[in-house]
Amino acid sequence: MAPPCSLNRYLLLMAQEHLEFRLPEIKSLLSLFGGQFTNSQETYGKSPFWILSIPSEDIARNLMKRTVCAKSIFELWGHGKSPEELYSSLKNYPVEKMVPFLHSDSTYKIKIHTFNKTLTQEEKVKRIDALEFLPFEGKVNLKKPQHIFSVLEDYGLDPNCIPENPHNIYFGRWIADGQRELIESYSVKKRHFIGNTSMDAGLSFIMANHGKVKENDIVFDPFVGTGGLLVASAHFGAYVYGTDIDYNTVHGLGKASRKNQKWRGPDENIRANLRQYGLEKYYLDVLVSDASKPSWRKGTYFDAIITDPPYGIRESTRRTGSQKEIPKGIEKCPESHVPVSLSYHLSDMFFDLLNFAAESLELGGRLVYWLPVYTPEYTEEMVPWHPCLKLISNCEQKLSSHTSRRLITMEKVKKFENRDQYSHLLSDQFLPYQGHNSFREKYFSGITKRIAKEEKSGQE
Ligand SMILES: C[S@@+](CC[C@H](N)C(=O)[O-])C[C@H]1O[C@@H](n2cnc3c(N)ncnc32)[C@H](O)[C@@H]1O
């Protein structure tokens, strides 16, 4: 019989950015590596300190090889609301778990980390001296220690109200750092090929993590643009594929998006972006194709679909049409093979996207996409649904006082059958979903009103 699985406690130090995206990221990654969240861990809120119970240090290390939302992870040896509570918790930590890291042949260093308060060097030294009762037998080595221990003090979240004493104090053995440096090394500022809507590097990695992208997966972006989301997925070892309706974008032609550059240079394309990061072997292809009319034959399966559809603000929402679809009264062009371009309502676009994902994802595969919303009218019922897809997470990123976009993650939980194609349209939930059609007008009416207000206050 397998021994009962015992959980060890770890402390995650989270980055204070994209707060809503953090829990789904950590949950998705843990489920990818065989860890699980317990209910008591649901209440993390805005704090940078999260206690996590997971079965092994290997899982902790795997988690840190992927996360961009967490800065570091520590094996938690003690925790208290006061120094006394911390020390008594440390005294209860099993010595046999400490000894391998404290024996006489080892070298170590102790660091003090504070959140929302800065300590003087003298105060830091006091904290270190107070830990004398721990059975440290190794030598201190500040430059290249074998083991690093940290005292982490939490002074709350309000910079205008910093308490004298910390709310919580933790002591742990540092295990690994997360992947925050990717935000800088993959920054779009230094990217070879960019466009007006190239996805921010940090968010691209978060999306790939929400999508549980892993080595050898096949990841598809139907609205690929300059391929920002493909770059992040390829970094995690997935083979990537994309389509875009815009010929110039796919072929890297036309006007450049950079200041001081008029036209895109030769080799400004998605393949070159992957090459820039040593990821070219993960490039499958990108095609000019309309997401409203997928050109895949039935039975094509992706492990993840990760995408940022157009909202019609900085790029148009267009789809190809036929001569027959042109409204009456508009003069028809002569028959030609060049498709007619029609406007593509956002609600139709999401309907097509969910249907396509339901049909073409592997069972257990994930769809991750951005949904633009007009916040005064947003309700959870507006989030498009499909009988084959389960909503995993829904996180808001504010864009302006009245608009935001929501990062929606869904998982395929049921095999697609033909009758699933329209079943969600029959439900009452489909009605609020139509509201997205008006996002563009509302966005611009908000801007128009704001400009008018600013002009008025400027005249006063
Ligand atoms: C928000 S951008 C994607 C940006 C991309 N994530 C990046 O990092 O560059 C949306 C893209 O969808 C494309 N698009 C618009 N309508 C489309 C359609 N019907 N089918 C496929 N692509 C479409 C636009 O040309 C645009 O490149």
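We use all heavy atoms of the structure for the numbers below, so side chains are in, but hydrogens, waters and symmetry mates are not. Read the numbers this way: they start at 1 and go in the same order the structure lists the ligands and their atoms.
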(Q) Test of understanding: given a 4.0 Å heavy-atom threshold, classify the contact between Ile194 and ligand 1 as side chain, backbone, both, or neither. (A) neither
Q. Quick one: does ligand 1 sit under 4.0 Å from the side chain of Ser289, the backbone, both or neither, non-hydrogen atoms only?
A. backbone
Of all the atoms in ligand 1, which lie at a distance below 4.0 Å from a heavy atom belonging to [X]?
X      : result
Gly228 : 7 (C), 8 (O)
Ala291 : 18 (C), 19 (N), 20 (N), 21 (C)
Pro222 : 21 (C), 22 (N)
Asp308 : 1 (C), 2 (S), 3 (C), 6 (N), 10 (C)
Asp246 : 25 (O)
Asp290 : 18 (C), 19 (N), 20 (N)

**Q.** Parallel, tilted or perpendicular: rings of Trp296 and Phe356 (30°, 60°)
**A.** tilted
Q) Do Tyr155 and His167 make the cut of ring centroids closer than 6.0 angstrom? A) no
Q) How about Phe302 and Tyr241: are their ring centres within less than 6.0 Å of each other? A) no
Q.
Quick check on Ser198 - does any of its heavy atoms sit under 4.0 Å from an atom of ligand 1?
A. yes
N/O to N/O below 3.5 Å, does that happen between [X] and ligand 1?
X      : answer
Pro310 : no
Phe223 : no
Asp244 : yes
Thr226 : yes

Q. Is there side-chain contact between Lys111 and Ile148, with heavy atoms separated by less than 4.5 Å?
A. yes
Q) Is the shortest heavy-atom distance from the side chain of Ser204 to the side chain of Val231 under 4.5 Å? A) no
Q: From atom 21 (C) of ligand 1, work out which of Asp352, Ile245, Ile270, Ile306 has a heavy atom at the shortest distance.
A: Ile245
Q. Is Arg66 positioned over the aromatic face of Phe236, cation under 6.0 angstrom from the ring centre and no more than 45 degrees off axis?
A. yes
Side-chain ([X]) to main-chain ([Y]) donor-acceptor, under 3.5 angstrom:
X      : Y      : answer
Asn116 : Asp158 : yes
Lys412 : Ala358 : yes
Arg366 : Thr409 : no

